[in-house]
Amino acid sequence: MSKILTQIHKLLTSDVIETETLFFCYSIRGIVYDLDSFEKKVELVTLYKKSKLKIADDISHLLTSFSNYASFSFTEEGYIESYYLMLIVLIYIRHINIGYVDFYENTFTLKNYHHSIDTDFPHNEKLISKFLNDDIFKDCLGEVSPSLIKEFKYLLYFILDINSIPKQLKIYVQFSKNIYDGTLIANSLKTTFNESTILITKNPNEADLIISDTYEGKESKAERFYFEDIRDYENWQNLLQHLTNLIYRKSFFKNT
C-alpha cells in the first residue's frame, strides 16, 4: 500500500494532494460515528462561529430559527452536537449535492410508530415538515433534491430529540407498616434512576405512580404498584421492571 501511495504522490501536485486530503478528512467524518472527540467538536464549532463564513452564519441562523419554531432550548452539549452535524450536512449539500438516503441499508422513517404508546412522533413529524417548507430554510439551502430533504429531516429530528428534556416520572411512596421502608424505597429509586427521569413527590394527586403496601384509595388516576416486603428481591425486580416500562411509555418517546 505504501508503494502505491508513493507512486500516486509522484503523479499528483502538492495542491491536488492537499485538496484530496481535506476531502478525505471531511468524508470520513460523515461515515465514521464519533470520529471526533467532544472536545474536538467544540474546537471546530468555535472556529466556525468566529469565522465570517456564510455557512457559519447560516448554521447559527437555522439552529436559532428551528429552536424558536419548535419551542425548545439547546442544552450546552446538544448545541455543539447539533452545530457539528449540521455543518457536515450543509457542506455536503452545497458542494456535493448527491442524494444517497434511499441507499441506506436500514431505512429510517418517522412513520409507522405504534399509536398505542403515548409519543410525540406525530407532532414532531408535522412540525419538522412545516419548517422545511419555511422561507428561512429555503433561503439558507436553495434548491435541494427530495433525497437530501429527507436527510435534513433526519438531522432536524435528531436535533430536536437530543435537546428535548423528557417528562419526569412522578412517584409517590406510601407505606403504613413502619416509618422507614418508604424512605428506603424512595432513596433506592433515586440512586438507581437519573434525577431527570424520576421525581419523588409528596403529592399523590400529581403522581404518575403510587408505590404502596396497601390497596387503599382509588381516587387518584396514577398507576399503582403494590410493594409488600422490602426483603423480597422479587418485589424489587418487579418494581424496577414496572418502572422501566412506565418510563418508556411516559417519558422515553423514541419508538421507531
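The backbone N or O of D181 lies less than 3.5 Å from a partner atom in the side chain of N178, making a donor-acceptor pair. At least one donor-acceptor pair under 3.5 Å links the side chain of S60 to the backbone N or O of A56. With hydrogens and angles ignored, the 3.5 Å screen pairs no side-chain donor or acceptor of S129 with any backbone N or O of K126. Formation of a donor-acceptor pair under 3.5 Å by the S65 side chain with backbone atoms of L62 is not found in this model. For N235 (side chain) and I230 (main-chain N/O), no donor-acceptor pair under 3.5 Å exists by modelled atom type.
Under the ring-ring contact (aromatic ring centres under 6.0 Å, His included) criterion, F74 pairs with F72, Y79, sequence neighbours left out. Checked against side-chain hydrogen bond (donor to acceptor under 3.5 Å, both in side chains), D58 has the following partners two or more places apart in sequence or in another chain: K54, R94. Partners of K177 under the side-chain hydrogen bond (donor to acceptor under 3.5 Å, both in side chains) rule, at least two apart in sequence or in another chain, do not exist in this structure. For I149, the side-chain contact (heavy atoms from CB on, under 4.5 Å) criterion is met by L132, F137, V144, not counting sequence neighbours. By the side-chain hydrogen bond (donor to acceptor under 3.5 Å, both in side chains) test, D57 pairs with no residue at all, sequence neighbours left out. Scanning for salt bridge (Lys or Arg N to Asp or Glu O under 4.0 Å) contacts around K40 gives E43, with sequence neighbours left out. Looking at residues two or more places apart in sequence or on another chain, you find a ring-ring contact (aromatic ring centres under 6.0 Å, His included) between Y69 and F131. Taking E228 as the reference, nothing meets the side-chain hydrogen bond (donor to acceptor under 3.5 Å, both in side chains) condition, with sequence neighbours excluded. By the side-chain contact (heavy atoms from CB on, under 4.5 Å) test, S196 is found to be paired with N194, residues two or more places apart in sequence or in another chain being considered.
For the atom pair Y83 OH and L63 CG, the distance stands at 8.0 Å (nearest 0.5 Å). With rounding to the nearest 0.5 angstrom, the OG1 atom of T201 is 9.5 Å from the CG atom of D208. To the nearest 0.5 Å, atom CH2 of residue W236 and atom CG of residue L189 are 6.0 Å apart. Expressed to the nearest 0.5 Å, how far OG of S212 lies from CD1 of I185 amounts to 9.0 Å. Atom CD1 of I171 and atom CD of E206 lie 12.0 Å apart (nearest 0.5 Å). One distance of note links NZ of K153 with CD1 of I128; it measures 7.5 Å at 0.5 Å rounding.
Annotation: salt bridge (charged side-chain N to carboxylate O under 4.0 Å, His left out) contacts involving residues 82-92, sequence neighbours excluded, are absent.
A heavy-atom distance below 4.5 Å is not found between the side chains of E39 and V42. The shortest side-chain heavy-atom distance between F227 and F225 falls under the 4.5 Å cut-off. Put simply, the side chain of T197 does not reach to within 4.5 Å of the side chain of L169, judged on heavy atoms. Between M86 and L156, some side-chain heavy-atom pair lies under the 4.5 Å cut-off. Residues L90 and F152 are in side-chain contact: their nearest non-hydrogen atoms beyond the backbone lie under 4.5 Å apart. Put simply, the side chain of Y48 does not reach to within 4.5 Å of the side chain of I59, judged on heavy atoms. Under the 4.5 Å side-chain criterion, counting only non-hydrogen atoms from C-beta, I200 is not in contact with Y172. Put simply, the side chain of I198 reaches to within 4.5 Å of the side chain of I247, judged on heavy atoms.
With side-chain heavy atoms closer than 4.5 Å counting as contact, directly or through intermediates, the hydrophobic cluster containing Y180 also holds I179.
Salt bridge status for K190 with E195: absent, with no side-chain N to carboxylate O gap under 4.0 Å.
Taken together through direct or relayed side-chain contacts under 4.5 Å among Ile, Leu, Val, Met, Phe, Trp and Tyr, L199 and F193 form parts of separate hydrophobic clusters. V45 is not connected to L47 by any chain of hydrophobic side-chain contacts under 4.5 Å among Ile, Leu, Val, Met, Phe, Trp and Tyr, and they are in different clusters. With hydrophobic clusters built from ILVMFWY side chains whose heavy atoms lie under 4.5 angstrom apart, L53 shares a cluster with L87.
The minimum heavy-atom distance linking T192 with S188 is given by the pair OG1-O, 2.7 Å.
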Could you list the donor-acceptor pairs under 3.5 angstrom formed between side-chain atoms of residues 237-244 and any protein atom two or more places apart in sequence or on another chain?
from, atom 1, to, atom 2, distance (Å)
N238, ND2, E234, O, 3.2
H242, NE2, E223, OE1, 3.4
T244, OG1, L240, O, 2.8

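In this structure, a donor-acceptor pair under 3.5 Å is present between the side chains of N163 and S82. Side-chain contact of D213 with Y226: a donor-acceptor pair under 3.5 Å is absent, judged by distance alone.
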